[in-house]
Chemist: 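One structure, pasted below without further comment.
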Amino acid sequence: KQKKAQESINSRLALIMKSGKVDLGYKSTLKNLRKTKAKLVIVSNNCPALRRSEIEYYALLAGAGVHHFNGNNIDLGTACGKYFRVSVLSITDSGDSDINFAVPGQ
């Protein structure tokens, strides 16, 4: 079941990369969160704890959702269709994808 959920996230992420608006990287994600443009932030599981908690805090203030990707930064980069590592990405426009932007606890 978990493998199927992972494939679902990867396919939705690929669709967002094609048709939506995504910013890769820590600095641009923080900029988007400060401007409250980001709707969803995806963080890899090997992102440093301090960086992860900072992103979660900014996302809480901005009203954005945070998804913890079940894979390391190499897997997240591959899921985005890139040949480099991606530890954090922010989605500002989902495009054709039906990804859920719901913030847990609200």
Side-chain angles (χ1 to χ4, degrees):
K1 184 178 178 185
Q2 189 169 8
K3 185 159 176 89
K4 187 158 176 89
Q6 184 71 22
E7 288 174 11
S8 171
I9 290 167
N10 286 355
S11 63
R12 285 182 176 162
L13 197 52
L15 186 60
I16 289 173
M17 292 300 289
K18 260 188 211 166
S19 63
K21 179 92 173 73
V22 177
D23 280 323
L24 305 175
Y26 173 69
K27 284 184 179 178
S28 60
T29 297
L30 284 186
K31 285 178 188 173
N32 282 338
L33 285 171
R34 279 193 223 109
K35 294 178 195 168
T36 64
K37 282 186 175 180
K39 294 183 180 134
L40 180 69
V41 178
I42 300 178
V43 184
S44 67
N45 66 359
N46 67 340
C47 185
L50 183 65
R51 186 173 282 193
R52 183 183 301 130
S53 62
E54 185 180 5
I55 288 168
E56 287 170 354
Y57 178 68
Y58 273 104
L60 179 82
L61 294 177
V66 177
H67 175 75
H68 298 285
F69 188 75
N70 194 17
N72 61 13
N73 54 4
I74 299 170
D75 298 334
L76 185 55
T78 305
C80 292
K82 303 294 180 189
Y83 293 110
F84 48 83
R85 296 169 294 201
V86 176
S87 63
V88 182
L89 66 92
S90 61
I91 300 170
T92 53
D93 179 35
S94 62
D96 299 332
S97 179
D98 60 342
I99 199 159
N100 189 8
F101 290 123
V103 180
Q106 285 187 348

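Side chains are part of it too, since the values below use all heavy atoms of this structure and drop only hydrogens, waters and symmetry mates.
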Chemist: Surrounding CZ of R52 (heavy atoms of other residues, nucleotides or ligands, distance under 6.0 Å), is the total greater than 12?
Modeler: yes
Chemist: Is there a chain of hydrophobic side chains (I, L, V, M, F, W, Y, each step under 4.5 Å between heavy atoms) that links I42 to F84?
Modeler: yes
Chemist: Do L33 and S90 come close enough that some side-chain heavy atom pair is under 4.5 Å?
Modeler: no
Chemist: Identify the residue among I16, D23, V43, V22 that makes a side chain to side chain contact (heavy atoms under 4.5 Å, CB included) with L89.
Modeler: V22
Chemist: To the closest 0.5 Å, what do you measure between CG (D93) and CG (L40)?
Modeler: 12.5 Å
Chemist: Step by step, work out the side-chain contact (heavy atoms from CB on, under 4.5 Å) result for C80 and L13.
Modeler: CA-CA 6 Å; C80 292; L13 197 52; 4.0 Å; yes
Chemist: Walk me through it: do V41 and N32 pass the test side-chain contact (heavy atoms from CB on, under 4.5 Å)?
Modeler: CA-CA 10 Å; V41 178; N32 282 338; over 6 Å; no
Chemist: Per the side-chain hydrogen bond (donor to acceptor under 3.5 Å, both in side chains) rule, what does the pair list look like for residues 13-22, sequence neighbours excluded?
Modeler: none
Chemist: In this structure, which one of K35, K37, K39 forms a side chain to side chain contact (heavy atoms under 4.5 Å, CB included) with T92?
Modeler: K37
Chemist: With a 4.5 Å heavy-atom cut-off, do S44 and V86 have their side chains touching?
Modeler: no
Chemist: Take H67 and I9 through the side-chain contact (heavy atoms from CB on, under 4.5 Å) test and state the conclusion after the steps.
Modeler: CA-CA 10 Å; H67 175 75; I9 290 167; 3.5 Å; yes
Chemist: Verify side-chain contact (heavy atoms from CB on, under 4.5 Å) between E54 and L30, making sure each step is shown before the conclusion.
Modeler: CA-CA 9 Å; E54 185 180 5; L30 284 186; 4.0 Å; yes
Chemist: Any pair with a residue in residues 75-84 that passes side-chain hydrogen bond (donor to acceptor under 3.5 Å, both in side chains), sequence neighbours left out, goes on the list, sorted by first then second residue, please.
Modeler: none
Chemist: Using atom types as modelled and distance alone, determine if a side-chain donor or acceptor of N73 lies under 3.5 Å from a backbone N or O of C47.
Modeler: no
Chemist: Answer yes or no: is there a side-chain heavy-atom contact under 4.5 Å between F69 and N10?
Modeler: yes
